[in-house]
Chemist: 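Below is one structure. I have some questions about it.
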Amino acid sequence: MIPNMEPFTRSVDLLSGAIAADAVVEDRRVADLHGYYLDDSGAEPDRIIYRVYAVPVPEANSELQCSTTVIEPGRIGREYHMTKGHFHAHRDRSEVYLGLAGEGLLILATEDGRHRVEPIRPGSLSYVPGGWAHRSVNLGDEPLAFFAVYVGDAGHDYATVAEHGFPVRVIVGDDGAPLVKQHPGHRR
Ligand code: PAN
Ligand code: ZN
């Protein structure tokens, strides 16, 4: 069956990551990520950590969701600003990330405890296979912006990550440089 979609074009600002016109904009603030960071007690609850611009597309297997994410620079305690991270609710659905601006990391993890760390930078293209949870982290002094495209009905399972976390955390080391550290509490 041919889906009932009309062709369209949108403008992405490659420097800021913003998508113009009818994108659905969602902000994630410190308060929305309570429990994800080791210690957010010193951070103002209203501070925006990241913003997602999503082009409205039906959540169907035949479609492709298109969005950008912009993570503000900064840290909460020793941890760099990061997204919640999620598995896709339909575990086998994959995704592609294209770095637009800034410098960061894409942390990937499987349910059986494997993990990978990939760079995000302008022009980086990262493939997120089905079955891999994914979280992005801003390591720089500027906003980190990337474009994502994923299977329309992928859905987001946040609960598994909220409960178990990722196998690693990205923190600032004593020398001021980023450190990818094993998260001892993570299940194996
Ligand atoms: C991305 C993410 C976006 C925000 O579009 O949804 O970067 O991260 P969280 O959803 O983990 O808060 C994506 O991977 N979509 O599937
Ligand atoms: Zn995803």
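One-based numbering, in listed order, for ligands and for the atoms of each. For the numbers below, each heavy atom of this structure counts, side chains included, while hydrogens, waters and symmetry mates do not. Computed from a prediction, not measured in an experiment: that's the story for all the values here.
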Chemist: Considering only non-hydrogen protein atoms, determine which one is nearest to atom 12 (O) of ligand 1 and report residue, atom name and distance to 0.1 Å.
Modeler: Y50 OH, 2.5 Å
Chemist: To 10 degrees, how wide is the angle NE2 (H134) to the Zn ion (ligand 2) to OE1 (E95)?
Modeler: 90°
Chemist: Considering both backbone and side-chain atoms of G85, is one of its nitrogen or oxygen atoms within less than 3.5 Å of a nitrogen or oxygen in ligand 1?
Modeler: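 Such a contact does occur with ligand 1.
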Chemist: To check your reading of the model: name the closest protein heavy atom to atom 8 (O) of ligand 1, its residue, and the distance in Å.
Modeler: T83 CB, 3.5 Å
Chemist: Tell me: protein heavy atom nearest atom 1 (C) of ligand 1, and distance?
Modeler: Y97 OH, 3.5 Å
Chemist: Which atoms of ligand 1 sit under 4.0 Å from any heavy atom of H134?
Modeler: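 Heavy-atom distances to H134 below 4.0 Å select 14 (O).
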Chemist: Are any of the N/O atoms in H88 less than 3.5 Å from those in ligand 1?
Modeler: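 Such a contact does occur with ligand 1.
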Chemist: Under 2.8 Å from the Zn ion (ligand 2) - does any N, O or S atom of H88 fall there?
Modeler: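 Looking at H88, which is the residue asked about, there is an N, O or S atom under 2.8 Å from the Zn ion (ligand 2).
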Chemist: Specify the protein heavy atom at minimum distance from atom 13 (C) of ligand 1: its residue, its atom name, and the distance to 0.1 Å.
Modeler: E95 OE2, 2.9 Å
Chemist: Run the ring-centre check on Y150 versus H156 and record whether the distance is less than 6.0 Å.
Modeler: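 They qualify: ring centres under 6.0 Å apart.
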Chemist: By number and element, which atoms of ligand 1 are closer than 4.0 Å to a non-hydrogen atom of S67?
Modeler: 5 (O)
Chemist: Quick one: which ligand 1 atoms are inside 4.0 Å of a heavy atom on F146?
Modeler: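 With F146 as reference, the close atoms of ligand 1 come out as 7 (O).
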Chemist: Using a 4.0 Å heavy-atom cut-off, say whether V52 meets ligand 1 through its side chain, its backbone, both or neither.
Modeler: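 Contact part for V52 vs ligand 1: side chain (C-beta onward).
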Chemist: Any idea which protein heavy atom is nearest atom 7 (O) of ligand 1, and the distance to it?
Modeler: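 Answer, as residue, atom name and distance: T69 OG1, 2.7 Å.
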Chemist: Within the 4.0 Å heavy-atom shell around Y158, which atoms of ligand 1 are there?
Modeler: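 Answer for ligand 1: 9 (P), 10 (O), 11 (O), 12 (O).
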Chemist: What protein heavy atom lies closest to atom 6 (O) of ligand 1? Include the residue and the distance to one decimal.
Modeler: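 Residue, atom and distance for the closest contact: H86 CE1, 3.5 Å.
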